[in-house]
Amino acid sequence: MAALVFAAMVAGGLFFRALRLAGRLGTEQARHETTRRERDAAAGEGLRWKALAEDRDRRIKALREAADQCLDRERAFREDAAAREAILREAAPVARQPGQTAPKAGVTTGGGKSHARIVDDATREKAADRLNRPL
């Protein structure tokens, strides 16, 4: 009989331990599910941040390209300005020859200056070449 009481006590102890472990298992499963939801939410948040970063990178690239184009236009403008200044700097006024057409009566160059001197042919050709160059 003592063996039967002992077996019943052991069985009862194991039963209560199993109930306690089942409760712990349920708690751990709930915690695991919470952790899984947090992980999934964090992964979604990470994807959102990744998309934002990729969008930012695309915008930065577009701005960089626009800035480079602006700098190229500025460089071209400065080169054109330097070329125009060089033409004007190298211009040599020469006396009008008898066969060259004089301006119409009443036309002045501003300030009432005389038309007796004109720009040399080389300067005129350089200016014409610049005006006729492809854009």
Just to verify, what does [X] make a side chain to side chain contact (heavy atoms under 4.5 Å, CB included) with, not counting sequence neighbours?
{"X": "R75", "result": "L71, D72, E79"}
{"X": "R17", "result": "R20, L21"}
{"X": "E33", "result": "R36, R37"}
{"X": "E54", "result": "K50, R58"}

Item to check | Full working for salt bridge (charged side-chain N to carboxylate O under 4.0 Å, His left out) between R64 and D68 | outcome: CA-CA 6 Å; R64 184 178 299 129; D68 288 343; over 6 Å; no
Item to check | Residue of the set V119, D121, I118 for which side-chain contact (heavy atoms from CB on, under 4.5 Å) holds with V94 | outcome: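 It is I118; the other options fail the test.
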Item to check | Over 12 foreign heavy atoms within 6.0 Å of CZ, R48 | outcome: yes
Item to check | From L47 atom CG to L52 atom CG, the distance as rounded to the nearest 0.5 Å | outcome: 11.0 Å
Next on the checklist: Between T123 and D120, does the side chain to side chain contact (heavy atoms under 4.5 Å, CB included) criterion hold? Intermediate values first, please.
Outcome noted: CA-CA 6 Å; T123 302; D120 63 305; 2.5 Å; yes
Checklist entry - Got a sec, which pairs hit side-chain hydrogen bond (donor to acceptor under 3.5 Å, both in side chains) with one end in residues 126-135, sequence neighbours left out? => result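 Listed by first then second residue: D80-R133, E90-K126.
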Item to check | Qualifying residues under salt bridge (Lys or Arg N to Asp or Glu O under 4.0 Å), relative to E28, sequence neighbours excluded | outcome: R31
